[in-house]
Amino acid sequence: MLLTNAKIVTLRDNQDYGLIEEGAIALDGEKISWVGNAADVPPAYHCDTTLDLGGRLVTPALIDCHTHIVFGGNRATEFELRLNGASYEEVARAGGGIVSTVTATRIATEQELLADALTRVDALIAEGVTLIEVKSGYGLDRETELKMLRVARQIAQVRPVDLRTSFLGAHAVPPEYKDKPDAYIDDICIPTLRAAHAEGLVDAVDGFCEGIAFDTAQIARVFDVAVELDLPIKLHAEQLSNIGGTQLAAHYGALSADHVEYATDADAQALAKSGTVAVVLPGAFYTLRETQSPPIQAFRDHGVPMALATDCNPGSSPLTSPLLTMNMACTLFRMTPLEALLGMTVHAARALGVTDRGRIIAGARADLCIWDATHPAELAYRIGFNPLHNRIFKGSL
């Protein structure tokens with residue numbers, strides 16, 4: 001297929017949009033075989049199937065590199081509690097938070113979890129997403145963690161979207177192990193990680209390194225097993241405080257350190273040295289009404305790639321709009337529209353260890369978005385508006 005009459009945002013490097021004002025893209029199966037000015041299309045790429053895009057904007061398809069999209073129930077009542085003065089930490093310590101979702105997820109069947117998750121997946125697809133990362137972490141026992149990961153794998157079988165799974169057994173301490181986090185890591189988390197890996201359910205290993213969850217030593221024990229199993233690492237770090245999670249992620253050469261509101265300049269230097277992506281999650285910052293912003297300028301100064309994601313989850317970021325995520329990043333954190341778009345394409349792919357998408361270049365996967373827009377800044381500028389005209393996934397409309 002040959003796409004013509006398009007304004008193409010190639011993102012071929014990280015310096016600008018790489019705009020081709022009057023461009024064309026040749027697709028060969030699932031791959032992009034050529035991209036350039038429409039007047040320069042080589043004869044070899046002229047074909048019977050030509051699609052005139054009417055001057056529309058074309059970007060790489062969006063990637064949501066941090067979600068908790070499989071879960072049971074919702075936490076609207078906790079939202080109300082926080083608005084009445086309770087903090088996120090106070091809600092968690094009172095038995096709410098992650099643990100309340102654990103209860104609902106444990107009793108849900110795979111079919112129920114899948115049906116519920118698909119409503120959120122469809123919202124992401126409708127705004128141009130073709131690759132979603134999905135975490136476990138709402139089971140906190142062997143049976144439910146494996147159930148969540150199986151459901152995540154099923155999503156890609158029933159929807160035109162790719163999935164990457166992350167094992168997040170070290171997400172919270174379940175009620176049955178209250179005040180015994182080390183025993184939970186040894187008895188449940190690590191054995192379940194091994195079982196999930198043996199079943200082919202895990203693409204990466206994550207953890208929640210925070211005062212209300214696990215410290216660096218406990219997370220390191222999980223990461224040592226990940227290294228043994230040759231699984232890449234990600235980490236929730238420095239969301240509510242700084243207890244050394246970002247430095248731990250850098251030490252292990254993690255794909256990403258996520259949230260990072262309380263990261264320091266020294267943390268940014270460590271991420272730059274390790275090549276770890278900082279995943280910025282404005283939805284949680286917004287929902288929790290936080291005031292500590294991530295050190296965006298330090299990331300810029302040290303050349304740390306910044307990804308963006310919805311962090312779709314029932315408690316701190318019930319967000320299923322990548323476009324609103326981009327707007328929030330610009331409005332709340334002063335990221336630029338270019339940084340926001342790179343964050344949901346190029347750097348989001350890197351945060352998942354994916355190398356064949358995120359840019360419109362020859363050889364890349366033909367995952368594209370066609371927008372009713374004239375400039376890429378419109379994608380981050382509008383609020384509550386979806387200009388997606390069409391989506392191309394694996395070379396097919």
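Hydrogens, waters and symmetry mates are skipped; everything else that's a heavy atom, side chains included, is used.
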If you take the centroid of each ring, where Trp contributes its six-membered ring, are His197 and Phe167 closer together than 6.0 Å? no
Between Thr101 and Arg75, a side-chain donor and acceptor under 3.5 Å: yes
Name the orientation class of the two ring planes belonging to Tyr138 and His68 (parallel below 30°, tilted from 30 to 60°, perpendicular beyond 60°). tilted
One thing to verify: whether Arg357 and Glu30 come together as a salt bridge, which I'm taking to mean a side-chain N less than 4.0 angstrom from a carboxylate O. no
Indicate, with yes or no, if Met328 and Val279 share a hydrophobic cluster defined by side-chain heavy-atom contacts under 4.5 Å among Ile, Leu, Val, Met, Phe, Trp and Tyr. no
Straight-line distance of Glu210 CD to Thr216 OG1, nearest 0.5 Å: 12.0 Å
When rounded to the nearest 0.5 angstrom, what is the spacing between CG in Asn5 and OG1 in Thr50? 12.0 Å
Any side-chain donor near an acceptor of the partner, Gln297 and Arg300, under 3.5 Å: yes
Enclosure of Asp28 CG (heavy-atom neighbours >12, cutoff 6.0 Å): no
I need the Leu51 CG to Leu2 CG distance, nearest 0.5 Å. 9.0 Å
Which residue, Asp267, Thr264, Asn242, forms the side-chain hydrogen bond (donor to acceptor under 3.5 Å, both in side chains) with Gln247? Asp267
May I ask you to check whether His66 and Asp311 show a side-chain donor-acceptor distance below 3.5 Å? yes
Out of curiosity, Ile132 CD1 to Thr67 OG1, how far, rounded to the nearest 0.5 Å? 6.5 Å
Can Glu238 and Thr246 be counted as having a side-chain donor-acceptor contact under 3.5 angstrom? yes
Among Thr130, Thr310, Thr325, which residue satisfies the side-chain hydrogen bond (donor to acceptor under 3.5 Å, both in side chains) criterion with Asp64? Thr310
Stacked cation flag Arg120 on Phe71, 6.0 angstrom / 45 deg: yes
Taking atom types as modelled, is there a side-chain donor on His302 or Asp265 under 3.5 Å from an acceptor on the other? yes
Do you see a donor-acceptor pair shorter than 3.5 Å between the side chains of Glu22 and Asn37? no
Asp187 with Lys180: basic N within carboxylate O range, under 4.0 Å: no
Can a salt bridge be assigned to the pair Glu176 and Arg106 using a cut-off of 4.0 Å between side-chain N and carboxylate O? yes
For Gly283 against Leu319, the heavy-atom pair lying closest together: CA-CD2, 3.9 Å
How long is the span from the CG atom in Leu379 to the CG atom in Asn327, to the nearest 0.5 Å? 11.0 Å
Going only through I, L, V, M, F, W and Y residues with side-chain contacts under 4.5 Å, is there a path from Met1 to Tyr45? no
Please give me the minimum heavy-atom distance between Leu352 and Lys234, naming the atom from each residue. CD2-NZ, 4.0 Å
